Amino acid sequence: MQKENIELSFFRAKVHELSAVDKDLIRSAKQYLLHAYAPYSGFLVGSSILLDNGEIINGSNQENVAYPSGLCAERVALFYAASQYPDIGIKTIAVSAFSKNFDIIDVVSPCGACRQVMAEYEDKQVEPIKVILHSPNDDVLIANKVQDLLPFAFKSPYLRRY
Ligand code: THU
């Protein structure tokens, strides 16, 4: 048996240390979390995507009384972006969350299914997708590529016959 190591990089910062473009995207995610439909969890998530054409696409989590029928903010935004602009790459995705029931003390990390969807779109384009996770006290965690958030993602070559 042989041990292997992988190196993942991420950065922690405060919002005020970021570029104007990144601050803008976070502001957007914070604003759009107010559009969440989250009557069951009271957990509001906003996600904003900056596309290569400069357009910003926003999403929020949409819950359903049949729980699995709901969808996370990240996938709402990603699927909308991909449907509207199938040939435009994604530069950055920002995620912000707020709970009606408790104080969130750290950034919210996207669920595995959302990371898998991010990994698919990252794979489809040349440049990596930057992921910015934002907490209500303005801490941020940044991964410069989705691969750092989801090593060992299921990728399309696995579906090919050899
Ligand atoms: N949720 C998101 O929208 N994004 C995440 O990254 C984590 C969880 C939503 C799903 C559900 O509506 C609520 O937050 C509680 O899990």
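Ligands are counted one by one from 1 in listed order, and the atoms in each one are counted from 1 as well. For clarity, every value in this text was computed on a predicted model and none was experimentally measured.
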Enquirer: Only heavy atoms of Pro110, strictly under 4.0 Å: list the atoms of ligand 1 that pass.
Expert: 6 (O)
Enquirer: Could you go step by step and tell me if Asp138 and Lys14 meet the salt bridge (Lys or Arg N to Asp or Glu O under 4.0 Å) rule?
Expert: CA-CA 6 Å; Asp138 277 351; Lys14 281 282 185 187; over 6 Å; no
Enquirer: Starting from atom 16 (O) of ligand 1, find the nearest protein heavy-atom neighbour and note its residue, name and distance.
Expert: Phe43 CD2, 4.8 Å
Enquirer: Between the candidates Glu63, Arg115, Arg75, which shows the shortest non-hydrogen contact distance to atom 13 (C) of ligand 1?
Expert: Glu63
Enquirer: Side chains of Leu150 and Met118: does their closest heavy-atom pair fall under 4.5 Å?
Expert: no
Enquirer: Quick test: of every protein heavy atom, which one is nearest to atom 5 (C) of ligand 1, and how far off is it to 0.1 Å?
Expert: Glu74 OE2, 3.4 Å
Enquirer: Report the part of Gln62 (side chain from C-beta onward, or backbone N, CA, C, O) that has a heavy atom under 4.0 Å from ligand 1; answer both or neither where that applies.
Expert: neither
Enquirer: Within a strict 4.5 Å, meaning less than it, do heavy atoms of the Ile132 and Ile26 side chains meet?
Expert: yes
Enquirer: Check the pair Asp139 / Arg12 against salt bridge (Lys or Arg N to Asp or Glu O under 4.0 Å), numbers first and verdict last.
Expert: CA-CA 7 Å; Asp139 289 320; Arg12 284 194 188 269; over 6 Å; no
Enquirer: Which residue and non-hydrogen atom of the protein lie closest to atom 9 (C) of ligand 1, and at what distance in Å?
Expert: Asn61 ND2, 3.6 Å
Enquirer: Quick one, Ile142 and Phe10 - any side-chain contact, counting heavy atoms below 4.5 Å?
Expert: no
Enquirer: Can you figure out which of Cys72, Gly59, Ala97, Cys111 has its heavy atom closest to atom 10 (C) of ligand 1?
Expert: Cys72
Enquirer: Looking only at protein heavy atoms, which one is nearest to atom 7 (C) of ligand 1, and how far off is it?
Expert: Val108 CG1, 4.2 Å
Enquirer: Could you tell me if the side chain of Leu133 sits less than 4.5 Å from the side chain of Pro110, heavy atoms only?
Expert: yes
Enquirer: Ring-plane angle category for Tyr67 and Tyr40, please: parallel below 30°, perpendicular beyond 60°, tilted otherwise.
Expert: tilted
Enquirer: Any protein heavy atom sitting closer than 4.0 Å to atom 1 (N) of ligand 1?
Expert: yes
Enquirer: For ligand 1, which atoms, with element, lie under 4.0 Å from some heavy atom of Ser41?
Expert: 13 (C), 15 (C)
Enquirer: Above 12 or not: heavy atoms from other molecules or residues under 6.0 Å from NZ of Lys145?
Expert: no
Enquirer: In the protein, which heavy atom is nearest to atom 3 (O) of ligand 1, and how far is it?
Expert: Ala73 N, 2.9 Å
